[in-house]
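Report on the structure given below.
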Amino acid sequence: MGFGNGIMRIGRVELRVLDLEKSASYYKNVIGLEEVGRSQGRVYLKAWDEYDHHSLILKQADYAGLEHFAFKVKNEAVLNELEKKIEQFGCDTSRISYGTRMAEGQAVRFVLPTGHNVELYYEIERIGTKTGTLNPHPWPLDTRGIAPHRLDHVLLTGDDLKTVTRFFMEVLGFQQSEKITTVDGEELVGSFLFTTNKAHDLAFIKGPDSKLHHVAFYVESVHDVFRAADILTMNNVPTEVTPTRHGITRGQTVYFFDPSGNRNEAFASGYITYEDFPTITWTEDKIGQGIFYHRRELVESFGKALT
Ligand code: FE
């Protein structure tokens with residue numbers, strides 16, 4: 001199926017939120033996404049540099065967390081082929097039909113060994129960007145808030161990281177950019193996975209199944225991370241970790257929480273990967289440095305605040 005097994009990128013995330021209006025306002029005015037539609041208790045949003053109809057769906061619910069996330073594949077043939085491979089691995093799949101959610105075509109849905117709901121899809125309405133594709137300006141003038149380029153990655157927690165890593169690599173054709181192991185190398189406690197050329201499209205750290213650690217939005221530079229942190233303070237948003245560098249991915253980061261307690265990240269740069277990228281290993285005794293390179297230790301809430 002070629003590069004990335006025909007899976008292009010993480011294309012959307014559906015988050016459960018406790019107060020739809022408050023959350024929509026936060027994602028529009030603080031994060032700076034554009035609202036593109038509403039339907040059946042859901043708000044649909046996109047980042048300014050994304051061409052597809054939406055990348056974030058907010059769903060009103062009684063508890064926060066990740067409803068599902070999805071990867072966009074190249075075409076229907078890839079979707080059908082991957083559906084078979086997922087079933088052969090032993091995961092049950094189902095089809096989400098056209099029109100279930102706004103602007104989306106059909107999707108294949110399944111549950112990861114870590115309990116998270118995932119979909120693969122190839123059809124979604126293309127609405128383009130304000131800068132367009134003909135002699136475009138580099139960015140639109142009328143952005144608000146942090147105004148990230150795109151949805152970048154999710155970090156999830158789960159118990160059996162070996163099996164979920166094997167699933168992504170063997171079935172979906174992902175590669176592992178980095179891993180965190182116990183000092184003896186026996187146990188996997190962190191796994192960072194990519195499909196085409198990012199440092200990670202998703203990652204897992206050891207923890208309870210089915211939980212979300214964070215959703216990350218991409219900004220261009222360390223300066224933009226700093227500016228994001230300014231905007232968080234201006235809006236009184238709870239910030240967990242002020243701007244710093246990740247050892248893992250080498251990106252720059254700030255962590256904070258949405259009004260429902262879902263952790264968000266503004267993430268900048270990080271290296272790019274190719275098909276021959278080797279897996280980088282961090283041992284657990286250096287996990288503080290791996291995650292917060294300057295501080296060299298985890299903050300207490302980091303492993304505990306999950307939704
Ligand atoms: Fe991240």
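Because the structure is predicted, anything quoted here is derived from the model rather than measured. Ligands are counted one by one from 1 in listed order, and the atoms in each one are counted from 1 as well. Numbering starts at 1 and runs along the sequence shown.
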*Where the Fe ion (ligand 1) is the corner point, what angle links NE2 of His214 with OE1 of Glu265, to 10°?*
90°

*Does the distance from a Lys or Arg side-chain N to an Asp or Glu carboxylate O, for Arg150 and Asp152, drop under 4.0 Å?*
yes

*Residue of the set Phe110, Phe174, Phe204 for which ring-ring contact (aromatic ring centres under 6.0 Å, His included) holds with Phe167*: Phe110

*Taking atom types as modelled, find out whether Asp201 and Thr195 have a side-chain donor-acceptor pair closer than 3.5 angstrom.*
no

*Backbone or side-chain N/O/S of His200 under 2.8 Å of the Fe ion (ligand 1)*: no

_Distance check below 2.8 Å: does His246 bring an N, O or S atom to the Fe ion (ligand 1)?_
no

*Identify whether the distance between the nearest side-chain nitrogen and carboxylate oxygen of Glu300 and Lys304 falls below 4.0 Å.*
yes

